[in-house]
Amino acid sequence: MVLDLSGVTFCDSAGLGALLAAQRLAKARDTVLALACAPPTLRRILELTGADQVLTLYGTVDDAVTAFGA
């Protein structure tokens, strides 16, 4: 599953928690969750919190789709 984040203009702890919860749910269902097109401010939040070590990030939706051979 690829989540296109290009329209995200704001993300606080609730948003970060939602992304991490989605990752846990996907993993529990043997599904891969990939995040694509994260704006620089969101990418920075993910890096500062270490969430970028748990979540899989791609620069574009096409990169994410290609990575999984779809």
Side-chain angles (χ1 to χ4, degrees):
M1 178 184 336
V2 177
L3 185 59
D4 181 347
L5 300 172
S6 61
V8 174
T9 59
F10 177 80
C11 184
D12 60 6
S13 60
L16 180 59
L19 290 173
L20 293 170
Q23 170 66 17
R24 282 191 301 273
L25 286 170
K27 188 174 182 178
R29 290 171 173 79
D30 292 323
T31 301
V32 176
L33 175 65
L35 307 182
C37 308
T41 52
L42 176 56
R43 188 174 283 273
R44 182 74 175 136
I45 289 169
L46 297 174
E47 291 168 357
L48 287 172
T49 61
D52 64 327
Q53 301 299 308
V54 177
L55 300 165
T56 306
L57 303 168
Y58 292 92
T60 67
V61 171
D62 287 340
D63 289 346
V65 171
T66 300
F68 297 102

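Heavy-atom basis, side chains included; hydrogens, waters and symmetry copies ignored. The model shown is predicted, which means the values in this text are computed figures rather than measured ones.
- The side-chain contact (heavy atoms from CB on, under 4.5 Å) test applied to S6 returns D4, C37, not counting sequence neighbours.
- For the side-chain contact (heavy atoms from CB on, under 4.5 Å) test, residues two or more places apart in sequence or in another chain that qualify with D12 are F10, A14.
- Cluster membership check: L3 shares its hydrophobic cluster with M1, using side-chain heavy-atom separations under 4.5 Å among Ile, Leu, Val, Met, Phe, Trp and Tyr.
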Do any side-chain atoms of residues 49-61 form donor-acceptor pairs under 3.5 angstrom with protein atoms, and if so which ones, sequence neighbours left out?
residue : atom : partner : partner atom : Å
T49     : OG1  : I45     : O            : 2.9
T49     : OG1  : L46     : O            : 3.3
T49     : OG1  : A51     : N            : 3.4
T60     : OG1  : D63     : N            : 2.9
T60     : OG1  : D63     : OD1          : 3.3
T60     : OG1  : D63     : OD2          : 3.2

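- For residues 16-28, the set of pairs meeting the side-chain hydrogen bond (donor to acceptor under 3.5 Å, both in side chains) definition, not counting sequence neighbours, is empty.
- Residues meeting the side-chain contact (heavy atoms from CB on, under 4.5 Å) test with A26, sequence neighbours left out: T31, L33.
- A side chain to side chain contact (heavy atoms under 4.5 Å, CB included) with L35 holds for exactly one of L42, V2, L19; it is L19.
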